[in-house]
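Beneath this line is the structure, given in structure tokens, with notes to follow.
All ligand and atom numbering here is 1-based and tracks the order in the structure. Everything numeric in this text was worked out from a predicted model, so none of it was measured. Note: hydrogens, waters and symmetry copies are ignored here, and every other heavy atom, side chains too, is used. Residue indices begin at 1 and follow the sequence shown.
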Amino acid sequence: MTSPFATHEIFNQSPPLEDVNLFTSDLALMEAVEREGAAHATRRLTDFGAVCGSSEALQRGRLANEYPPRLRSFDSKGRRLDTVEFHPAYHELMQTSVAEGLHCSAWDHLAKPGTQPSPGANVARSAGTYMAIQMEAGHQCPITMTNAAVPALLLQPELAKSWIPKILTRTYDKEFKPSSEKAGVTLGMGMTEKQGGTDVRANSTAATPAGNGGPGAEYIITGHKWFMSAPMCDAFLVLAQAPGGLSCFLMPRFLPDGNVNALAFQRLKEKLGNRSNASSEVEFQGAHAWMIGEEGRGVPTIIEMVTCTRLDCAVGTAGLMRLTLANAIHHCRHRTVFQKKLVDQPLMNQVLADLALDVEAATALSFRLSRSFDRASDPHAAAWRRLMTPVTKYWVCKIGPALAYEAMECLGGNGYVEEGLAARLYRELPLNAIWEGSGNVMALDLLRVLQRDAETVEIVMDGMTQAAGDDVHLKAHLERVQGLLHEPRKLDRRARDLAEALALLAAGTILRAHAPAPVADAFIGTRLSGPSRQTYGQGLDWADTRVIVDRAYPE
Ligand SMILES: Cc1cc2nc3c(=O)[nH]c(=O)nc-3n(C[C@H](O)[C@H](O)[C@H](O)COP(=O)(O)OP(=O)(O)OC[C@H]3O[C@@H](n4cnc5c(N)ncnc54)[C@H](O)[C@@H]3O)c2cc1C
């Protein structure tokens, strides 16, 4: 019986967006997976898509963020603990991603020496990452870093031999104990210090050889890191100044004798978003670490790790953008305003379609980049990987926050309250642009390729020229890019122009070749040509926005 005091009935609010298969509901993702060489993973990704989009997974994501990690520095008697406590939901998320192999599956071939990487392994892993980050973003930090640590570890065979088998398991072991007693491990990295993050050569942390020193040898590390995320990892790749210059080290939480290594965590950062992930400030008080690669070659040694994390930044941002978009379309399909569903209001349909175009482009670019990681021996793929890693990371991560803002507005007031997903996504999205090489750093990395590796640029540009074909707008845009490339005088000031122009050209060519015509036409007609725009929802009056929205998130 209705209460006599009932003031109202709730209606015209969208139902929760849950129990959606994040793979089969995402045409752009499914097509990218097939196109870029991981069709064999479709069944597995379909199963994982159901897990990541389940109401249980989303509930865990909420809990892990509402109850963020806490540093326990000391026990009640003053003894150091240096451990981090998480809500059980965080561990369940880690368990899900590790069981899926997102921390290592691209390296499975290492389990059998002499075996080649499995075709499409990076693309399949990226698809898993793209969906897992929609389940929850913060826990992906240690997952990404563990995967990315492998190529650096491979440079030091004896360290690789003891650590990589533990990385390759599908077992998440949250216990704080020596890696020798654990079934599976995770790895982090410590580069950033107070006086310099981008400029790691300014690192002051000192490494003194415990014996003779050199690759694989033990060093004593004294200093600090201003940001070191996921401090409960089992080991970290850190940079420190050895007598021969900045070098890379593997620093485990426990020493081979079973004692705890001298990492003293000072506090955890209070962050805008990414709250489920612990990001620490740490002091190394004579911590022990083992050198990876040669003394003085710290940056080239860790750069492979950084390159892998940049791929994940782009893929992860594309995944978060996708969720943001689906959330907005879902709401607008259920909300009636002035006797019409919001999604059917012409202006709103145009806004949603416009958002969808950027998600299509971000997805296409991220998965093309993933494929280039799979085909390292192919010179075209290698050139794409070198040139387009900074370009893709730059552009995809830069557009994410603006998209989150506009998508939030689609939800009206509901978008602005913390209980909803939109607010969390809005706070999360700027992060991928900041870490692992911020915007300017990516643009400068692009310049480095132009200055040092003309052949790489030529290979990529030849491919894009072919892909542009007879499309008038693509050809005109290509000429603008060529103009920038051949005007080296001012390139140090135009590196962002070039990064964006290259990203748009690449996305335009991929969409023209593979996306339905309404998507490719609208993307190229607004991003590569047409009147200038400052916000979403403009310049698409001629486009088939209904088709674009329906494809983005089929009902
Ligand atoms: C949540 C979070 C977690 C993190 N976790 C880790 C971690 O686990 N391990 C780790 O090592 N670090 C971590 N970081 C640190 C992060 O990688 C750095 O903050 C980032 O690399 C930038 O370094 P910085 O903060 O010292 O800024 P700076 O290096 O001072 O850069 C400031 C700005 O200047 C720009 N800039 C730099 N050089 C130039 C140039 N030559 N020309 C023009 N512009 C330039 C940059 O693009 C940036 O926008 C984390 C950061 C955050 C926010």
Applying side-chain hydrogen bond (donor to acceptor under 3.5 Å, both in side chains), name anything that partners Asp199, two or more places apart in sequence or on another chain.
-> none
Might you list the protein residues in contact with ligand 1, defined as having a heavy atom under 4.0 Å from one of its atoms, sorted by chain and number?
-> Met189, Gly190, Met191, Thr192, Gly196, Gly197, Thr198, Phe227, Met228, Ser229, Lys271, Ser279, Leu431, Ile434, Trp435, Glu436, Ser438, Asn440, Val441, Leu444
Mind checking whether Pro165 and Leu168 have side chains closer than 4.5 Å, heavy atoms only?
-> no
Results of side-chain hydrogen bond (donor to acceptor under 3.5 Å, both in side chains) for Arg386 - residues two or more places apart only = Asp445
Does CZ belonging to Arg201 count more than 12 external heavy atoms closer than 6.0 Å?
-> no
Could you give all pairs that pass the side-chain hydrogen bond (donor to acceptor under 3.5 Å, both in side chains) test and reach residues 395-407, with sequence neighbours left out?
-> Tyr405-Glu409
Applying side-chain hydrogen bond (donor to acceptor under 3.5 Å, both in side chains) between Lys182 and each of Thr169, Asp234, Asp173, report the one that passes.
-> Asp234
